[in-house]
Amino acid sequence: MDLYKGRFTHKTADLAHEFNSSISVDYKLYKYDICGSKVHAKMLAKSKIITEEECIDIVSGLDGILKDIESGKLKFSSDAEDIHMFIEGELTKRIGEAGKKLHTARSRNDQVALDVKLYTIDKTKNAIGLLLELEEVLINLAKENLNTIMPGYTHLQIAQPVTYAHNIMAYAQMVLRDIKRFSDALSRMDTCPLGAGALATTTYDIDRDYTAKELGFNSPTLNSMDSVSDRDHVIEAISTMAMSAMHFSRLAEELIIYSSQEFGFLEIADEYSSGSSIMPQKKNPDMAELIRAKAARINANLTGVLTMLKATPLSYNKDLQEDKYYLFDSFENFEITVKILSGMMSTLKVNKERMHDMAKKGYINATDAADYLVKKGLAFRDAYYITGAIVKYGIENNLSLSEIDLDVYKEFSEVFDEDYYNYIDLEYVLNERDVFGGPSAKRVAEQIELTEKELDKFKSFKLD
Ligand code: ARG
């Protein structure tokens, strides 16, 4: 379709057409575009701007186009500037005159704003569904490891004992917040830009409430200039994905470290690993490494879309056409990342013995030794210095805290007694941390229950 033949003497240069065209990317909006156009046509008929017959022709023509795209019969043509012009052109080819009336009281600016919003809403809902599946996997893994003691780290140095359940549930909390952020972002996507026209609505007596409701929105947008230039929903969706992907990346980093020979805590299933082309012994955590890389990519998309928008004046500018590169790339990479992560976590092998053995090392119970002295009446800071000196003695003599004799302890402080050894026992140390949000098996079970309750609020987003 030579769209500009009325105004222009010369055709767009081939390279300029290629530069200007977005169909190679925005063809992915075809479903949303057809859905929006059908509702627009029905509104035009209802408002007596086109006839009922024309509306019927348009709607059935659009249905036919949708069917032919989905069956592969109709191929997208790069002659069209974008998906909107492609569908309109195809419609007119199929139904004639009525097709030329579809664009009455509409601009591509409100059309594309609508399509992008519908896409973002759809994908955001799907993202919540995928995250709910991941949560289920994480929670199951936690339930299997309520008593799997492992070292907890700060600065990647052994700190205090935790369980693998507690460690995994930390990620479940991050993902729960991601779900809430997506859902919160959705609540701000609830206004329909259709009817805003190019920027200043239209002189036709259109019914924006009707189109908004028919398309599943709460209401029409309130300012037509904002409507065609607003891409906040794109930014919010990508920013939520960027944060969520950062969480996945941290988890992936732990999978990589914990599955190294030095740690030996975890084994990633063959199904989610790769080998080496030269080193026959290798099993590499490629998927986890790619998950780290995807976080970088989505973060780059966020920076891209924010930078793209930051100096565009009102209202629509062609810069906005590029929003789709960032948006589609983010959702596509986010979706596959969540699916891979769910697969990896559900097939993960946990080496409980190795975790337990390592939890016995690094004077992990030193805080508890100091607390023992406090309970015997010492001030914490004094207890802390004494225990530090005992740890030093242990390191010099290659003894753990439970291997040092009571006589030796008594030289450090008279208050040490037989009951001390039980007090620094690993299981005891862990399960004594019976504080809300703590690592004891009881408290983690409680954490799981409360998390499941929170997740239940989002059950309407579950994928079938
Ligand atoms: N393809 C454009 C986009 O994706 C929509 C077209 C609006 N173009 C225009 N010249 N007003 O943003």
Side-chain angles (χ1 to χ4, degrees), residues 1-8 10-37 40 62 65 69 76-92 99-100 102-123 189 192-202 215 221 223-235 237-238 301 304-332:
M1 182 166 39
D2 191 3
L3 184 61
Y4 310 119
K5 67 182 175 199
R7 164 70 177 81
F8 285 24
H10 303 290
K11 275 185 72 174
T12 316
D14 287 348
L15 193 61
H17 172 76
E18 198 183 313
F19 190 58
N20 195 39
S21 163
S22 57
I23 192 156
S24 62
V25 173
D26 63 25
Y27 73 90
K28 289 177 182 166
L29 291 175
Y30 72 86
K31 260 197 315 198
Y32 308 101
D33 196 72
I34 289 174
C35 166
S37 287
H40 179 66
L62 288 169
I65 291 173
I69 290 174
F76 300 106
S77 157
S78 59
D79 292 344
E81 192 181 306
D82 53 30
I83 186 63
H84 323 293
M85 295 321 300
F86 173 78
I87 290 173
E88 188 189 317
E90 183 62 27
L91 182 70
T92 305
K100 291 199 235 162
L102 172 62
H103 212 52
T104 315
R106 185 176 74 170
S107 156
R108 262 186 302 166
N109 298 351
D110 59 344
Q111 188 179 359
V112 72
L114 171 68
D115 293 2
V116 167
K117 213 167 195 180
L118 289 174
Y119 170 94
T120 308
I121 291 170
D122 209 18
K123 291 289 182 181
M189 296 180 200
C192 180
L194 189 62
L199 79 161
T201 69
T202 177
L215 288 162
T221 47
N223 179 303
S224 65
M225 292 177 83
D226 178 46
S227 311
V228 293
S229 69
D230 168 34
R231 294 295 184 274
D232 286 5
H233 41 288
V234 173
I235 297 170
I238 301 179
N301 286 340
V305 76
L306 282 169
T307 312
M308 181 201 84
L309 274 158
K310 78 172 181 58
T312 51
L314 290 176
S315 55
Y316 177 84
N317 299 273
K318 193 74 170 207
D319 314 44
L320 294 185
Q321 177 162 284
E322 300 265 326
D323 62 352
K324 288 169 269 313
Y325 290 89
Y326 304 115
L327 185 65
F328 297 175
D329 188 73
S330 298
F331 270 118
E332 285 162 16

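Atoms within each ligand, like the ligands themselves, are counted from 1 in listed order.
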Applying salt bridge (Lys or Arg N to Asp or Glu O under 4.0 Å), can you list everything that pairs with Asp329, at least two apart in sequence or on another chain?
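Salt bridge (Lys or Arg N to Asp or Glu O under 4.0 Å) check on Asp329 returns Arg297.
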With a 4.0 Å cut-off on N to O distance, would you call Lys28 and Glu332 a salt bridge?
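Yes, charged N to carboxylate O under 4.0 Å.
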Where is the nearest protein heavy atom to atom 12 (O) of ligand 1: which residue, which atom, and how far?
Tyr316 OH, 2.5 Å
How far is atom 7 (C) of ligand 1 from the closest protein heavy atom, and which atom is that?
Asn109 OD1, 3.3 Å
A student comparing Lys324, Glu81, Arg231 should find that the heavy atom closest to atom 4 (O) of ligand 1 comes from Lys324
For atom 10 (N) of ligand 1, which of His84, Met85, Arg108 has the closest heavy atom?
Arg108
Does any non-hydrogen side-chain atom of Asp14 lie less than 4.5 Å from one of His17?
no
Short list, please: which atoms of ligand 1 are under 4.0 Å from a heavy atom of [X]?
| X | result |
| --- | --- |
| Gln321 | 1 (N), 2 (C), 3 (C), 4 (O), 12 (O) |
| Ser22 | 1 (N) |
| Asp82 | 1 (N), 2 (C), 5 (C), 6 (C) |

Under a plain distance cut-off of 3.5 Å, with no hydrogens placed, do Asp319 and Thr312 share a side-chain donor-acceptor pair?
no
Would the Tyr27 and Phe86 ring centres measure less than 6.0 Å apart?
no
Is it the case that over 12 heavy atoms from other parts of the model lie below 6.0 angstrom from the NZ atom of Lys310?
no
Is Gln111 near ligand 1, meaning one of its heavy atoms is under 4.0 Å from it?
no
